[in-house]
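Down below is the structure, laid out as C-alpha cells.
Side-chain atoms are counted along with the backbone in the values below, which use heavy atoms only and exclude waters and symmetry mates.
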Amino acid sequence: MVKAMPKAQAAAPLDADEQRLLDDFEQDELRSIAIPSLLEELREAAKGTGQKDQRINIRLSSYDLQAIRTRALQAGIPYQTLISNVLHQYVNRSRLYPLE
C-alpha cells in the first residue's frame, strides 16, 4: 500500500529583511564572507566539539531553521555544524553559569 505524501505547510510570510535576502539569493548576489582564516578558526572549533557519536532529532520552527541556515551560509559552514557548535558552546558556558 502506498501512502500519500503529506501536504506541505504554507510558509510564513517573509518580513522585509527576509525578502531582501531571498531576492539577493535568487539573483546570485550573495557572497561568502568566510575568509580562509575564519574558515580555519571554524574548523578548529568544530574539532573541539569532540567525537560526535550520538544522533538526535529535533523539531524547530520554520523561521528558526531558516535563520540558522542563513547564518550558516554566511559563515560558510553546514547548518548542522552550526547547530552542533552552538549547543557545544551553550553546554560549556552553562557549566560556568548554571541555570537557576
Side-chain angles (χ1 to χ4, degrees):
M1 179 176 164
V2 177
K3 292 185 178 181
M5 293 292 291
K7 292 183 181 180
Q9 295 180 357
L14 302 178
D15 66 24
D17 289 333
E18 293 168 331
Q19 186 61 53
R20 208 170 20 256
L21 180 62
L22 178 60
D23 293 342
D24 289 346
F25 174 76
E26 289 175 342
Q27 295 172 14
D28 198 29
E29 294 180 1
L30 295 179
R31 300 292 173 253
S32 176
I33 61 168
I35 58 176
S37 60
L38 175 61
L39 290 175
E40 185 57 32
E41 183 180 324
L42 292 171
R43 283 187 193 100
E44 289 302 315
K47 288 179 188 175
T49 62
Q51 180 66 28
K52 295 178 180 104
D53 59 354
Q54 295 290 309
R55 176 180 293 265
I56 65 167
N57 292 320
I58 185 170
R59 297 185 66 81
L60 300 173
S61 70
S62 297
Y63 176 83
D64 288 344
L65 181 57
Q66 186 58 44
I68 289 168
R69 286 180 169 158
T70 299
R71 289 198 178 197
L73 180 64
Q74 291 169 338
I77 59 174
Y79 77 94
Q80 291 175 334
T81 300
L82 176 62
I83 293 170
S84 178
N85 287 342
V86 168
L87 290 172
H88 177 74
Q89 290 173 10
Y90 175 79
V91 167
N92 286 325
R93 180 181 58 106
S94 66
R95 288 181 190 156
L96 301 174
Y97 309 104
L99 297 175
E100 295 179 11

Requested in this report: Sequence neighbours left out, what passes side chain to side chain donor-acceptor pair (under 3.5 Å) with Glu41? Give chain and number order.
Outcome: none
Query - Residues in salt bridge (Lys or Arg N to Asp or Glu O under 4.0 Å) contact with Glu40, at least two apart in sequence or another chain - result: Arg43
Query raised in the report: Considering residues at least two apart in sequence or located in another chain, which fulfil the side chain to side chain donor-acceptor pair (under 3.5 Å) criterion with Asp28?
Result: none
Query raised in the report: Which distance, rounded to the nearest 0.5 Å, do you find between the CZ of Arg31 and the CG of Asp24?
Result: 10.0 Å
Report task. Give the other cluster members for Ile56, using side-chain heavy-atom distances under 4.5 Å between Ile, Leu, Val, Met, Phe, Trp and Tyr residues; answer none if it is isolated. Result -> none
Report task. Tell me, please, which residues at least two apart from Asp15 pass salt bridge (Lys or Arg N to Asp or Glu O under 4.0 Å). Result -> none
Query raised in the report: Partners of Tyr63 by side-chain contact (heavy atoms from CB on, under 4.5 Å), sequence neighbours excluded?
Result: Glu18, Ser61
Query raised in the report: When clusters are formed by joining ILVMFWY residues with side-chain heavy atoms under 4.5 Å apart, either directly or through shared neighbours, do Val86 and Leu39 land in the same one?
Result: no
Query raised in the report: Is Leu73 linked to Leu65 within one hydrophobic cluster, defined over Ile, Leu, Val, Met, Phe, Trp and Tyr using a side-chain heavy-atom separation of less than 4.5 Å?
Result: no
Query raised in the report: Do Thr70 side-chain atoms and Gln66 backbone N/O form a donor-acceptor pair below 3.5 Å?
Result: yes
Report summary line: Sorted by chain and residue number, the side chain to side chain donor-acceptor pair (under 3.5 Å) partners of Ser37 (sequence neighbours excluded) come out as none
Query - Under the salt bridge (Lys or Arg N to Asp or Glu O under 4.0 Å) test, residues paired with Arg71 that sit two or more places apart - result: none
Query raised in the report: Residues sharing Leu22's hydrophobic cluster, by side-chain heavy-atom contacts under 4.5 Å among ILVMFWY, directly or via others?
Result: Leu14
Report task. List for me each residue that meets side chain to side chain donor-acceptor pair (under 3.5 Å) alongside Asp23, sequence neighbours excluded, and say none if there are none. Result -> Gln19
Requested in this report: With rounding to the nearest 0.5 Å, note down the distance linking CG in Leu21 to CD in Glu26.
Outcome: 10.0 Å
Query raised in the report: Can you name the residues that form a side-chain contact (heavy atoms from CB on, under 4.5 Å) with Ile68, not counting sequence neighbours?
Result: Leu60, Tyr79, Leu82, Ile83
